[in-house]
Amino acid sequence: MKVGIPSEIFPNELRVAATPKTVKRLQKQGFEVYIQHNAGIKANFSDKEFEEAGAKIVNTAADIYGNSDIVLKVKEPSAEEVSMMKEGLVLLSYLWPAQNQELLKKLAEKKVNAVAMDAIPRISRAQKMDVLSSMANIAGYRSVIEGSFHFGRFLNGQITAAGKVEPAKVLVIGAGVAGLAAIGAANSLGAIVRAFDTRKEVAEQIESMGAQFLTVEIEEDGATSSGYSKEMSKEFIEAEMKLFLEQAKEVDIVITTAQIPGRPAPKLWLDYHVAAMKPGSVIVDLAASTGGNCALTKDGEVYTTDNGVTIVGKLNQLPNQASQLYGNNLCHLLDDMGKAEKFKIDMEDAVVSRAMVTYDGKVNWPPAPLQVSPTAGGGAKKATAPTTEEVKISEQEKAKKTALTTLISLAVVGGLLLLVGKFAPSEFIQHFTVFVLAVFVGWQVISNVSHSLHTPLMAVTNAISGIIIIGGLLQTTDDFANPITILACIAILVASINVVGGFVVTHRMLKMFKK
C-alpha cells in the first residue's frame, strides 16, 4: 500500500504529517512512502533527509492524492485538494467535523474514507493516537516560554549582590493536558504557580505538579464523562470572576487553556480583569483560534493594551517537535488498523468508528455515544447506590471474614513456632527471637511515619536491610574460607546496595524541591 504526505497549503501551518523517523516506521509497517517536494521544509526537514529515510519525492499534490491509498495530513483539506482525491482514498487529518459539515459532504461525495484525528475518543486504548493531547502538551510548554519572553524578567526568585529578585507569579486557568504542561514548565523555571479548574478531581494533579489549586466556595463540580468541563451555574461563574479579579491584581503571567470541542472558547478573563493587571503583565491565550478565553485576545496577534498588558494570541508551534509527535500518533493508528499487510477499516472498533467521519460515501458524524459499561444485552449498566442496610450487612461480612482470616493466620503461626521451639537448638531460638523483635520494631517505626514523608530511605525494606548488615557483621570472622563468613559478606554487600541506593535516590528527590 502507498502512503502519501502532501505539503500543507495554509501559510501559517508549519507542521508536516511525517518526519524521517516516522517514514522509517511506516516502511516497517509495510507501506511505500511518497512525500511531496519541500513538504517538510517549514519544519526543518529537507527532501534529502526524507530520501535517506526511504521516502520517494513527488512534485505535485495531484501525484499524492491521485496515486496514494492513504494520505496523511495536518490541516483539513481545501476544496481544491478534495477535488484531486481518488475514490476509496483513506485520509487521516485534522477535520474538525462539528464545524466543517460542508467539507464532510464533499469528502463523502468523493467516497473518501476520512478519519478526523481530532475526533479520536479519549479512552485508555486510544491515548497513543490522541493528537489533541500531543499538541496541547507542546502548547502548554510553549506558553510559559513565550510568556516569560514577553514578561521580560526572571521567573525564579534570586538573591544577588545587586539585590533581591522576587519570583514571578503565574496563574494557569484550566488543568487539562496543556494546563498541566504549563504548570510543570513554570514550576521548573522557579515561578510561584497557581491554577484554577472547575473540576475538583484535578486538584491532586495540580498540587502534585507543584502549583496551588485555587477554587471557589461554591460546591459545584465541572467534571463530565467526556473529560471536558461543563458549563457552570450563574452563581459559580460570578464567584469565579470575583476570584479572577483578586488574582489579576497579583499575578504577572496568566495562561488560559479552556476550550470546548465544537464550540467557541468560553470567556473567562474579561476586560476589567485585564484593566486590573499590573503594567508589564502578560496573558497567553491558548484558545485564541476558537475565539479566546480573554475578551481582548486577537487571534494570530501579539499586542500591548493601553495599561501595558501584553496579550499573546499566537504561539510558535515548535513544528519540528510537533511533526514528530503527530507522526507518531498517525503511526499508532495505522498499527491499530492492521498495518499494510492486514489493513482494514473496522467500523466495529470503538476508536475507528468514532473517528471515521465519512465512510463508503456517507457522512458518519456525529458518532453514536460510546458505551462505557456494556451489559450482555448491549445496554449500559446503571450504577445504583447501596442502601444503608446493605452497607451495614457488607461491613459485618467484611469484619467476620477479617476476624476469621486473622484467627487462621495466628493458628498457623503458633503451630510453626511450637514446632520450631520443640526441635530447634536453644541458640537458634535466641537469635530467632531477636530477629523477630527487630523486624517488629523496625516495621512499627517505619509504618507509623506519614506517607507524605516517605522516601526510599524510609522504606520497610531498608529497616530490614539494616538488620541484615548488623547480623552479617556479627557473623564475619578472620576465616574467609568459612562458608558462614562468605554468606555474611554477600548479605552485607547486597543489603548495602539497597541502603546506598536509597540515599542516592533520596538526594535526587530532595534536589527536585530546591529552587
Does Lys86 NZ have over 12 foreign heavy atoms under 6.0 Å away?
-> yes

Reported CD1-to-CD1 distance for the pair Ile57 and Ile5, which is rounded to 0.5 angstrom | 9.5 Å

Determine, stepwise, if the pair Glu146 / Arg142 fulfils salt bridge (Lys or Arg N to Asp or Glu O under 4.0 Å).
-> CA-CA 6 Å; Glu146 296 211 18; Arg142 187 66 190 181; 3.0 Å; yes

Has Lys75 got its NZ or CZ under 6.0 Å from the middle of the six-membered ring of Phe10, at an angle within 45 degrees of the ring axis?
-> yes

Taking Asn364 for the side chain and Thr358 for the main chain, is one N or O donor matched with an acceptor at less than 3.5 Å?
-> no

Find out whether Tyr326 and Met117 are in side-chain contact, i.e. whether some heavy atom of one side chain is under 4.5 Å from a heavy atom of the other.
-> yes

Looking only at heavy atoms, the pair that brings Ala43 and Ser323 closest together is CB-OG, 3.8 Å

Salt bridge (Lys or Arg N to Asp or Glu O under 4.0 Å) between Glu81 and Lys73, worked out | CA-CA 11 Å; Glu81 288 176 304; Lys73 260 185 68 60; 3.6 Å; yes

Might you work through the salt bridge (Lys or Arg N to Asp or Glu O under 4.0 Å) test for Asp360 and Lys111, ending with a clear yes or no?
-> CA-CA 6 Å; Asp360 199 20; Lys111 292 191 175 180; 5.8 Å; no

Between the main-chain N or O of Pro97 and the side-chain N or O of Gln101, is there a donor-acceptor pair closer than 3.5 Å?
-> yes

Between Asp69 (side chain) and Met1 (backbone), is there a donor-acceptor pair under 3.5 Å?
-> no

Gap between atom CD1 of Ile183 and atom CD of Gln212 - 0.5 Å precision | 11.5 Å

Is the NZ or CZ atom of Lys298 positioned over Tyr303's six-membered ring, under 6.0 angstrom from the centre and within 45° of the axis?
-> yes

Sidechain N-carboxylate O distance under 4.0 Å for Arg194, Glu250 = yes

Any side-chain heavy-atom pair from Leu89 and Asn113 closer than 4.5 angstrom?
-> no

Taking atom CZ of Arg15 and atom CD of Gln324, what is their separation to the nearest 0.5 Å?
-> 14.0 Å

Main-chain N/O of Asp63 paired to Asn67 side chain as donor or acceptor, under 3.5 Å = yes

Measure from the side-chain N and O atoms of Ser68 to the backbone N and O of Tyr65, and report whether any donor-acceptor pair falls under 3.5 Å.
-> no

Full working for side chain to side chain contact (heavy atoms under 4.5 Å, CB included) between Glu8 and Val16 | CA-CA 7 Å; Glu8 299 296 328; Val16 63; 5.7 Å; no

Audit row: Leu214, Leu171, side chain to side chain contact (heavy atoms under 4.5 Å, CB included) steps and yes/no = CA-CA 9 Å; Leu214 301 178; Leu171 172 62; 3.7 Å; yes

Could you walk me through whether Tyr272 and Phe244 pass the ring pair (Phe, Tyr, Trp, His ring centres under 6.0 Å) check?
-> CA-CA 10 Å; Tyr272 61 87; Phe244 288 167; over 10 Å; no

When rounded to the nearest 0.5 angstrom, what is the spacing between CG in Asp271 and OG1 in Thr305?
-> 11.0 Å

Please indicate whether Lys21 has more than 12 foreign heavy atoms, meaning atoms of other residues, nucleotides or ligands, lying under 6.0 Å from its NZ.
-> no

Heavy-atom pair with the smallest gap, counting every atom of Cys294 and Ile311 = SG-CD1, 4.2 Å

Nearest 0.5 Å please: distance from the NE2 atom of His150 over to the OG atom of Ser281.
-> 14.0 Å

In a check of side chain to side chain contact (heavy atoms under 4.5 Å, CB included) between Lys128 and each of Asn328, Leu333, Asn329, Asp336, which one passes?
-> Asp336

Donor-acceptor under 3.5 Å (Lys362 side chain, Ala108 main chain) | no

Check whether any side-chain N or O of Thr257 sits under 3.5 Å from a backbone N or O of Ile173 as a donor-acceptor pair, and report yes or no.
-> yes

So do the side chains of Val58 and Ile35 get within less than 4.5 Å of each other, counting heavy atoms only?
-> no

Less than 4.0 Å between a side-chain N and a carboxylate O, is that true for Glu102 and Lys106?
-> no

How close do Ile138 and Ala322 get, heavy atom to heavy atom, and via which atoms?
-> CD1-CA, 3.4 Å

Provide the closest heavy-atom pair for Trp365 versus Ala119 in the form atom of the first, atom of the second, distance.
-> CZ3-CB, 3.9 Å

Residue pair Lys314, Asp299: steps toward the salt bridge (Lys or Arg N to Asp or Glu O under 4.0 Å) verdict | CA-CA 7 Å; Lys314 68 172 183 177; Asp299 184 25; over 6 Å; no

Kindly assign one of parallel, tilted or perpendicular to the pair Phe236 and Phe196, based on the angle between their ring planes and the thresholds 30° and 60°.
-> tilted

Look at the side chain of Asn137 and the backbone N and O of Ala178, then say whether any donor-acceptor pair between them is shorter than 3.5 Å.
-> no

Glu80 atom CD, neighbour heavy-atom count above 12 within 6.0 Å = no

Step-by-step side chain to side chain contact (heavy atoms under 4.5 Å, CB included) determination, Val90 to Val71 | CA-CA 6 Å; Val90 177; Val71 168; over 6 Å; no

Looking only at heavy atoms, which two atoms of Asp252 and Ala168 are closest? And how far apart?
-> OD2-CA, 3.4 Å

Minimal heavy-atom distance between Ile206 and Ala195, with the atoms involved, is CG2-CB, 3.7 Å

Applying side chain to side chain contact (heavy atoms under 4.5 Å, CB included), run through Leu334 and Lys339 and close with a yes or a no.
-> CA-CA 5 Å; Leu334 292 174; Lys339 305 179 184 178; over 6 Å; no

Distance-only, no hydrogens or angles: does the Thr22 side chain make a donor-acceptor pair with backbone N or O of Ala18 under 3.5 Å?
-> no

Rounded to the nearest 0.5 angstrom, the CD-CG distance for Glu238 and Leu243 is 14.0 Å

Any pair with a residue in residues 27-42 that passes side-chain hydrogen bond (donor to acceptor under 3.5 Å, both in side chains), sequence neighbours left out, goes on the list, sorted by first then second residue, please.
-> Gln29-Asp335, Glu32-Tyr34, His37-Asp47

The side chain to side chain contact (heavy atoms under 4.5 Å, CB included) partners of Gln205 (sequence neighbours excluded) come to Leu180, Val202

Is the backbone N or O of Asn293 less than 3.5 Å from a side-chain atom of Thr297, with the two atoms forming a donor-acceptor pair by type?
-> no

How about Phe343: does its CZ atom have over 12 heavy atoms from other parts shown lying under 6.0 Å from it?
-> yes

If you draw a 6.0 Å radius around OH in Tyr94, do more than 12 non-hydrogen atoms from other residues or ligands fall strictly inside?
-> yes

Do the side-chain N and O atoms of Thr256 and Asp285 include a donor-acceptor pair separated by under 3.5 angstrom?
-> yes

Check: Asn187 and Val170 side chains under 4.5 Å, non-hydrogen atoms | no

